Amino acid sequence: SAVVQNAIAYAVERGMLVAAICAAPSILGIMGYLKNKDATCFPGFEKYLDGANIKDERVVKDGNIITSKGMGCAAEFSLAIVEALVRKEKADQIARSAFIY
């Protein structure tokens, strides 16, 4: 959708946090925002991560972009977002209270 693409472009151009999980990192790749960036995605969508350094990790943060493999990684993905927006200590506190770690 043009609306989503415009929102992504707006955020990336301003250095804002952009987070994508499952197949969604492919949109960032197709738009050219993963060139020379570490990234991950749902297995099988790697071909769309144009120019990315593909990592076989559950969650990958490179600069202002966070990517994750899929639904099974949602808790870790969410904690990475909290860490980026607030701080690591808050993410750790949430993880402990939710028995994630």
Side-chain angles (χ1 to χ4, degrees):
S1 123
V3 172
V4 171
Q5 290 180 10
N6 288 337
I8 292 168
Y10 180 91
V12 170
E13 290 165 9
R14 287 160 179 77
M16 299 168 78
L17 184 67
V18 176
I21 189 171
C22 200
S26 65
I27 298 167
L28 301 176
I30 291 167
M31 291 180 73
Y33 294 129
L34 295 180
K35 289 191 184 337
N36 301 313
K37 296 237 179 219
D38 292 345
T40 192
C41 64
F42 190 80
F45 283 82
E46 295 88 354
K47 64 186 171 190
Y48 301 108
L49 305 187
D50 297 339
N53 305 316
I54 298 169
K55 302 294 181 181
D56 186 22
E57 297 175 25
R58 294 171 59 87
V59 177
V60 175
K61 181 175 185 300
D62 189 333
N64 64 317
I65 296 178
I66 300 173
T67 54
S68 184
K69 283 190 177 271
M71 181 176 74
C73 308
E76 294 163 69
F77 178 65
S78 300
L79 292 170
I81 294 169
V82 170
E83 182 177 334
L85 292 175
V86 184
R87 64 184 191 282
K88 181 172 181 3
E89 294 78 18
K90 187 62 174 178
D92 291 344
Q93 177 189 11
I94 292 168
R96 284 191 305 275
S97 70
F99 303 106
I100 295 171
Y101 296 115

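Remember, it's a predicted structure, so these values are computed and weren't measured experimentally.
- Residues V18 and L85 are members of separate hydrophobic clusters, defined by side-chain heavy-atom contacts under 4.5 angstrom among Ile, Leu, Val, Met, Phe, Trp and Tyr.
- Summarising the geometry of A84 relative to I66, their closest heavy-atom pair is CB-CD1, 4.0 Å, with the distance given to 0.1 Å.
- Among all heavy-atom pairs drawn from L79 and A95, the shortest one is CD1-CB, 3.6 Å.
- Scanning both residues, I81 and A19, for their nearest heavy atoms gives CD1-CB, 3.7 Å.
- Summarising the geometry of I21 relative to A74, their closest heavy-atom pair is CD1-CA, 4.0 Å, with the distance given to 0.1 Å.
- Counting heavy atoms from C-beta outward, E83 and D92 have side chains that stay 4.5 Å or more apart.
- Nearest heavy-atom pair, C73 versus V59, reported as atom, atom and distance to 0.1 Å: O-CG2, 4.4 Å.
- Not a single donor-acceptor pair under 3.5 Å links the side chain of T67 to the backbone N or O of A20.
- L17 and V82 fall within a single hydrophobic cluster, where Ile, Leu, Val, Met, Phe, Trp and Tyr are joined by side-chain heavy atoms under 4.5 Å apart, directly or via other members.
- Under the 4.5 Å side-chain contact rule for hydrophobic residues, Y10 and I65 do not share a cluster.
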Name the atoms and distances for all side-chain donor-acceptor pairs under 3.5 Å in residues 26-38, with sequence neighbours left out.
from, atom 1, to, atom 2, distance (Å)
S26, OG, A23, O, 2.5
D38, OD1, N53, ND2, 3.2

Only distances under 3.5 Å count here; give the side-chain donor-acceptor pairs of residues 39-49 to other protein atoms, sequence neighbours excluded, each with its distance to 0.1 Å.
from, atom 1, to, atom 2, distance (Å)
T40, OG1, K55, O, 3.0
T40, OG1, E57, O, 3.1
E46, OE1, G44, N, 2.7

